[in-house]
Amino acid sequence: MNIQAPLRREQSSRPLEGRVSLITGSSSGIGLGIACALAATGSVVMLNGLGKPEEIGETQSTIASEFGVKVRYSPADMPKAAPIANMIAMTLDTFGRLDVLVNNAGIQHVAPLEQFPVEKLDVNLSSAFHTTRAVLPSMRKNKFGRIINIASAHGLVASPFKSAYVAANHGIVGLTKIIALETADANITCNAICPGYVYTPLVEAQIDGQAKSHGIQREQVIRDVLLAQQPNKRFATVEELGALSVFLASDAAASITGTALPVDGGWTAH
């Protein structure tokens, strides 16, 4: 028996060559970083998210030219089942398969529980449910699948005034475990990545806003407000999340399933 055979794809500098990946919420920020990381290792990429058509077109062209992979885009509205099903069907029609699903789309809203908008309650969790439900038949048919749910440290711990976000992310962690159990014998894995604060343009804007509203320096906002719960006092990067996603999508992670992996600088170690 050739015991090296399962590792052949991993020995390549592009271990995801020939794979097809769909990343929701990938027109910017964390999702775009993960999409670039997957493309860099050879995966075809289906983008999804909000943005101006010309900017999204430029993003597609940049990824395709830089990494030499095919890139497509779907504007599917994430909380809704029908557009999501159409997006999955479009991916399968275009590429013939879908190997890696990264559920990244989501929103965050801050408000006291009694004032929280009801319509914001299920956006994050519903998106992951609908995409996974739609893609599983194809993954079972191909006898391969990697589902990566981008949750949050708030899927493991709670903070006040974030009722929908915390509830949804706890739900995503639970959904991750259920999917892992139901697909364990089908060469499909499902894991959740649970980041703390990740440095993105949205976080940069949040730093400036907090500094102005509280009349303090940006360094104090970062240390004492945003990163108060993170012992390492640094933001995670989209590149770090991209690298972890590539690993979870690879053959090397075939026995890792049903986990919630904190990328939070020690936040949830308290």
Side-chain angles (χ1 to χ4, degrees), residues 16 21-39 41 43 45-50 74 76 78-79 84 87-88 98-109 120 122-135 145-157 159 162 164-180 188-203 230 235-250 253 256-265 267-268:
L16 300 183
S21 301
L22 166 62
I23 308 95
T24 66
S26 52
S27 54
S28 64
I30 293 172
L32 180 55
I34 292 173
C36 289
L38 293 169
T41 52
S43 178
V45 169
M46 175 66 81
L47 300 175
N48 159 264
L50 304 175
S74 167
M78 278 298 94
I84 287 173
M87 177 177 63
I88 300 298
L98 207 176
D99 303 292
V100 181
L101 170 64
V102 182
N103 287 310
N104 171 71
I107 62 171
Q108 184 171 171
H109 185 85
K120 294 186 182 295
D122 67 345
V123 172
N124 300 37
L125 183 56
S126 292
S127 298
F129 174 85
H130 290 311
T131 53
T132 303
R133 184 173 182 271
V135 79
R146 297 286 187 266
I147 300 168
I148 302 168
N149 295 325
I150 307 303
S152 166
H154 280 114
L156 304 170
V157 295
S159 293
K162 297 184 178 182
Y165 188 72
V166 171
N169 278 287
H170 273 69
I172 287 173
V173 170
L175 180 65
T176 298
K177 295 177 181 180
I178 293 167
I179 296 166
I188 299 169
T189 66
C190 183
N191 294 285
I193 298 176
C194 299
Y197 274 97
V198 182
Y199 187 77
T200 65
L202 287 176
V203 168
Q230 292 191 202
F235 293 108
T237 67
V238 295
E239 290 79 12
E240 291 168 2
L241 297 186
L244 179 53
S245 297
V246 167
F247 172 68
L248 291 175
S250 73
I256 302 175
T257 193
T259 65
L261 301 169
V263 184
D264 63 4
W267 181 350
T268 54

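Everything numeric here is computed off the predicted structure, so don't read it as measured data.
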Backbone N/O of G25 and side chain of N48: donor-acceptor pair under 3.5 Å: yes

Point-to-point distance, once rounded to the nearest 0.5 Å, from CD1 of I34 to CG of L32: 10.0 Å

Minimum heavy-atom distance P195-L241, with the two atoms named: CG-CD1, 4.0 Å

Exercise: do N103 and T131 side chains pair donor with acceptor under 3.5 Å: yes

Minimal non-hydrogen separation, S159 against H154, with atom names: OG-NE2, 2.7 Å

Donor-acceptor under 3.5 Å (S43 side chain, L38 main chain): no

Side chain S27, main chain L50, donor-acceptor under 3.5 Å: yes

Nearest atoms (heavy-atom pairs only) where K177 meets G258: CG-O, 3.8 Å

Rounded distance (nearest 0.5 Å) linking atom CG of N149 with atom OG1 of T176: 4.0 Å

Heavy-atom pair of closest approach, residues C194 and A151: SG-CB, 4.0 Å

Pair T259, N191: side-chain N/O donor-acceptor within cut-off below 3.5 Å: yes

Polar side-chain atom of T41 near backbone of L16 as donor-acceptor pair, under 3.5 Å: no

Nearest atoms (heavy-atom pairs only) where A249 meets I148: N-CD1, 4.2 Å

Donor-acceptor pair, side chain of Q230 and main chain of G196, under 3.5 angstrom: no

V166 to V157 - nearest heavy-atom pair and separation: CG1-O, 4.1 Å

Contacts of type side-chain hydrogen bond (donor to acceptor under 3.5 Å, both in side chains), residue E240, not counting sequence neighbours: R234

